[in-house]
Amino acid sequence: MERYTNALEEVADGTRQQERHYQLLSALQSLVKELPSSFQQRLSYTTLSDLALALVDGTVFEIVQGLLEIQHLTEKSLYNQRLRLQNEHRVLRQALRQKHQEAQQACRPHNLPVLQAAQQRELEAAEHRIREEQRAMDRKIVLELDRKVADQQSTLEKAGVAGFYVTTNPQELVLQMNLLELIRKLQQRGCPVGKAAL
C-alpha cells in the first residue's frame, strides 16, 4: 500500500511540475513578444521550453538574484575606486597650482619666464600621468566587468539555463541579456516556483 501511495505522489508531483513548466513557457512566450523581432526570431520554442524547464524549481531565480547582487556590489566598488582616483588627481592638481603660485610670488621678475616654462613642463607631465592613470583604471574596470560577465555566463551555463555559455560575441551577449531580462520579469511578476508552487 505504501509503495502505491508513493507512486501516486510521484505521478502527482510530475504532473504539477509539467503544469508549472507549461505555465512558465506560456509566460515566457508572452514576454518574448515584447522583445524586438530580431531577438524573437532567435528564441525558438525549444530554447524557451528549455529555459522554462530550468526555471521550474526556482533555483535559477535565486542564482540570477545572487548574480545581480554581486554585480551591483562589484560596480559600486569599481565606481568608488575610480572616484578615489579622480579625487587624488584633483588634490594633485590643486597642490601643483598652489606650489606654482607660491614659486611665482617668490620669484624675481627677470626669472619669471624661465620658471613659468619649467612649471608648464611640470604641469604637462602631471596631466599626462593623470591621463595614463585614468586610462589604466578604465581598462581595469572593463576587464573586471568582462570577468564578471564570463563568471555569470559560466554559472548560468552550469545551472543548465538555456542560451548561456561563455562568449564575447556582442550579438550573443545581447541575446543573453534579453534572456536575463525575461527571467527577471518572470520573477517580478511573482511567478510561484519550487515545491511550494507544485
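Under the side-chain contact (heavy atoms from CB on, under 4.5 Å) criterion, Ser44 pairs with Thr46, Thr47, sequence neighbours left out.
Counting side-chain heavy-atom gaps under 4.5 Å among Ile, Leu, Val, Met, Phe, Trp and Tyr, the cluster of Leu83 also holds Tyr79. Other cluster members for Ile130: Leu92, joined by side-chain heavy-atom distances under 4.5 Å among Ile, Leu, Val, Met, Phe, Trp and Tyr. Val149 belongs to a hydrophobic cluster whose remaining members, ordered by chain and number, are Leu173; membership requires side-chain heavy atoms of ILVMFWY residues under 4.5 Å apart, directly or through intermediates. Using a 4.5 Å cut-off between side-chain heavy atoms of Ile, Leu, Val, Met, Phe, Trp and Tyr, Val142 forms no hydrophobic cluster with any other residue.
A donor-acceptor pair under 3.5 Å is absent between the side-chain atoms of Ser26 and the main chain of Tyr22, judged by distance alone.
Remark: Glu75 does not engage Lys148 in a salt bridge, criterion side-chain N to carboxylate O under 4.0 Å. Salt bridge absent: Arg84 and Glu88 never bring a charged side-chain N and a carboxylate O closer than 4.0 Å. Ion pairing of Glu132 with Arg135 is present here, as a side-chain N (NZ or NE/NH1/NH2) and a carboxylate O approach within less than 4.0 Å.
Side-chain contact between Arg184 and Gln65 is absent, with no heavy-atom pair separated by less than 4.5 Å.
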Report the C-alpha distance between Thr155 and Phe164 in whole Å, list the side-chain angles of each, state the deciding distance to 0.1 Å, and finish with yes or no for side chain to side chain contact (heavy atoms under 4.5 Å, CB included). CA-CA 9 Å; Thr155 299; Phe164 283 90; over 6 Å; no
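Between Arg20 and the options Gln23, Gln17, Gln18, a side chain to side chain donor-acceptor pair (under 3.5 Å) holds for only Gln23. Partner of Leu43 under the side-chain contact (heavy atoms from CB on, under 4.5 Å) criterion, out of Asn178, Leu28, Leu51, Val32: Val32 alone.
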Donor-acceptor pairs under 3.5 angstrom involving side-chain atoms of residues 102-118: please list them, not counting sequence neighbours.
residue : atom : partner : partner atom : Å
Glu102  : OE2  : Gln98   : NE2          : 2.8
Gln104  : NE2  : Gln119  : OE1          : 2.6

